[in-house]
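Below: the structure, in C-alpha cells.
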Amino acid sequence: APHPLVFDKEGPKKDKDEVVVLILPQLAPGYAREFVNTDRELSERMAKLLPEMAKENKEKNARKLRVISPTQVDKFKMSNPQWKQMGAGEIGHKLGADFVLEVWLDKMRFYQPQSQNSIYEGKAEASVSIYVVGETGGEMKDRYTHAFSYPKGLVRDASAVPESEFKKQYLDALTVELARYHV
C-alpha cells in the first residue's frame with residue numbers, strides 16, 4: 001500500500017497490537033442532491049472494508065485494524081457542537097484513534113456532461129490527509145489526491161440501471177480504491 005497505516009518502528013506505539021483509525025469524510029460545498037449522505041455512506045463502507053482487507057493481508061507482524069464506528073463519530077459531533085473548529089488530529093485524539101483519514105470529496109458526478117442524465121460516467125476527486133495521532137493531538141503525516149472514475153473507461157446507459165443501484169456500485173468501487181492506499 002502506498003500510504004500504510006503503520007506505527008514507526010521506534011515510536012511509542014510500536015508494540016501496540018491494534019491500529020485504530022478514524023475516518024472523517026466531507027463533501028465539497030455545492031454537491032448535487034444525489035450525493036446527500038455520501039460522506040456517511042463512504043465512512044460506513046470504509047469502516048467495514050478496511051478491517052476486512054487488513055485481516056486478509058497475510059504479512060507477518062500485521063496488526064489488527066479497527067475503525068471507529070460512524071455512529072460513535074456522530075455521537076461525538078452531537079456532544080461537541082464546536083467540532084468543526086477542531087483539527088482532524090484533535091478529534092482523533094479525543095476519540096482514541098492512532099490515525100485519522102480526512103477525506104474531502106469533490107467534483108462528484110454520476111452522469112456524463114451534456115447527456116441529459118442518460119449516460120452514467122461517474123467521477124470524483126478524493127483528497128485524503130493522513131494524520132498520526134500522538135499524546136497531545138495529531139500531525140499530518142501525508143496527503144494524496146485520488147482521481148476516481150466509474151466504470152473504468154466505459155460509459156453506461158442510465159436507463160439500464162436505477163440511479164440508486166449505480167450509486168451503490170459507484171461508492172463500493174470508490175471505497176475499495178481508497179482502502180487500497182492504506183491496506
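Everything numeric here is computed off the predicted structure, so don't read it as measured data. In what follows, every heavy atom counts, from backbone to side chain, and hydrogens, waters and symmetry copies are set aside.
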Is it the case that the ring center of His93 lies less than 6.0 angstrom away from the ring center of Tyr131?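 Here the rings of His93 and Tyr131 have centres that are no less than 6.0 Å from each other.
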
Can you confirm whether or not the ring centre of Phe35 sits under 6.0 Å from the ring centre of Phe110?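 So the answer is yes for these two rings.
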
If Ile, Leu, Val, Met, Phe, Trp and Tyr residues are connected whenever their side-chain heavy atoms lie under 4.5 Å apart, and connections chain through other members, are [X] and [Y] in the same group?
X      : Y      : value
Val176 : Val103 : yes
Ile130 : Val133 : no
Phe7   : Ile68  : no
Phe76  : Val100 : yes
Leu178 : Leu65  : yes

Straight-line distance of [X] [atom1] to [Y] [atom2], nearest 0.5 Å:
X      : Y      : atom1 : atom2 : answer
Glu177 : Tyr150 : CD    : OH    : 10.5 Å
Lys107 : Lys123 : NZ    : NZ    : 12.0 Å
Gln169 : Tyr120 : CD    : OH    : 9.0 Å
Leu50  : Arg66  : CG    : CZ    : 13.0 Å
Glu41  : Asp172 : CD    : CG    : 10.0 Å
Glu102 : Ile91  : CD    : CD1   : 7.5 Å

Given 3.5 Å as the limit, does a donor-acceptor pair link the side chain of Ser43 with the main chain of Asp39, or not?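 A pair under 3.5 Å: no.
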
Does a donor on one side chain sit under 3.5 Å from an acceptor on the other, for Tyr144 and His3?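 No, His3 and Tyr144 have no side-chain donor paired with an acceptor closer than 3.5 Å.
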
Inspect the surroundings of [atom1] in [X] and state if more than 12 heavy atoms from other residues, nucleotides or ligands are less than 6.0 Å away.
X      : atom1 : value
Lys152 : NZ    : yes
Lys94  : NZ    : no
Glu125 : CD    : yes
Lys77  : NZ    : yes

Once the angle between the rings of Phe148 and His146 is folded into 0 to 90°, is it parallel (under 30°), tilted (30 to 60°) or perpendicular (over 60°)?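 Answer is tilted, since the angle falls between 30° and 60°.
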
